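In this chain, numbering begins with 1 at the start of the sequence shown. As the structure is a computational prediction, the values presented were derived from the model and not from experiment.
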Amino acid sequence: EVHLEQSGGGAVQAGGSLTLSCTASAFTFVDSDMGWYRQAPGYGCELVSTLSRRSRAYYGDRVRGRFTISRSDAKNTVYLQMTSLRPDDTAVYYCAADYGAWPESAGSTCPKDDHWGQGTQVTVSS
């Protein structure tokens with residue numbers, strides 16, 4: 001069974017940094033496109049960043065220049081390094097694998113299936 005296990009996150013002050021990790025099991029990670037979405041209170045599931053199997057990265061407008069996505073195929077892990085954090089980055093962050101065309105919005109609520117991580121809270125205070 002496919003499983004994505006997230007770690008990292010927490011609470012920081014504005015301007016701080018955090019790194020999220022997502023470790024995959026039971027599928028061929030090296031052949032998979034990986035990404036991160038987030039859901040803030042009262043908002044839908046927003047695309048943050050993706051990283052293709054060929055290491056092509058995409059960033060949403062709101063995080064470009066501040067966040068960096070990377071992967072370690074040897075560790076089956078994708079990372080999201082977040083710097084210059086702002087209060088409006090506060091959200092639950094989800095990693096996902098092979099989510100089709102990676103739409104800007106994944107709906108009113110981030111999906112809950114085996115190709116999504118369990119979510120991790122990031123709270124940025126002003």
Side-chain angles (χ1 to χ4, degrees):
E1 178 176 309
V2 174
H3 183 68
L4 300 178
E5 183 70 28
Q6 295 181 222
S7 60
V12 294
Q13 291 190 324
S17 301
L18 286 171
T19 297
L20 307 181
S21 301
C22 173
T23 300
S25 59
F27 71 97
T28 308
F29 182 84
V30 68
D31 292 334
S32 297
D33 298 330
M34 302 297 295
W36 293 89
Y37 280 82
R38 67 185 180 185
Q39 183 150 23
Y43 291 86
C45 187
E46 174 193 14
L47 179 63
V48 175
S49 180
T50 64
L51 186 61
S52 75
R53 65 199 71 182
R54 293 182 176 84
S55 294
R56 177 173 293 180
Y58 165 84
Y59 298 95
D61 289 342
R62 295 175 62 194
V63 307
R64 190 174 297 118
R66 301 186 297 120
F67 291 11
T68 302
I69 191 170
S70 62
R71 63 192 292 160
S72 168
D73 291 342
K75 296 182 179 180
N76 284 4
T77 300
V78 62
Y79 305 94
L80 186 68
Q81 183 179 7
M82 305 181 291
T83 64
S84 301
L85 283 161
R86 309 184 306 216
D88 65 352
D89 292 317
T90 295
V92 178
Y93 285 70
Y94 296 88
C95 66
D98 290 331
Y99 192 58
W102 298 96
E104 292 291 331
S105 172
S108 58
T109 303
C110 289
K112 305 287 191 298
D113 65 36
D114 59 5
H115 281 71
W116 286 71
Q118 80 276 20
T120 186
Q121 178 70 46
V122 172
T123 302
V124 185
S125 58
S126 58

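Side-chain contact between D89 and M82 is absent, with no heavy-atom pair separated by less than 4.5 Å.
The distance from atom OG of S126 to atom CD of Q13, rounded to the nearest 0.5 Å, is 9.0 Å. Separating the OG atom in S49 from the OH atom in Y79 is a distance of 15.0 Å, to the nearest 0.5 Å. Atom CG of D33 and atom CG of L51 lie 8.0 Å apart (nearest 0.5 Å). Rounding to the nearest 0.5 Å places NE2 of H3 at 12.5 Å from CG of N76.
Classified by interplanar angle (parallel below 30°, tilted 30° to 60°, perpendicular above 60°), the ring pair W102/Y37 is parallel.
The shortest non-hydrogen separation linking L85 to R66 is CA-NH1, 3.9 Å.
In this structure, Y99 is not a member of the same hydrophobic cluster as V78, with clusters built from ILVMFWY side-chain heavy atoms closer than 4.5 Å. Both Y93 and V124 belong to a common hydrophobic cluster when Ile, Leu, Val, Met, Phe, Trp and Tyr are linked at side-chain heavy-atom distances under 4.5 angstrom. Under the 4.5 Å side-chain heavy-atom criterion for ILVMFWY residues, no single connected hydrophobic cluster contains both L20 and Y94.
The closest side-chain donor-acceptor pair between T83 and S17, if any, does not fall under 3.5 angstrom.
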Notebook entry, point to check: Does the pair T90 and T123 meet the rule for a side-chain hydrogen bond (donor to acceptor under 3.5 Å, both in side chains), with working shown?
Noted result: CA-CA 5 Å; T90 295; T123 302; 5.3 Å; no
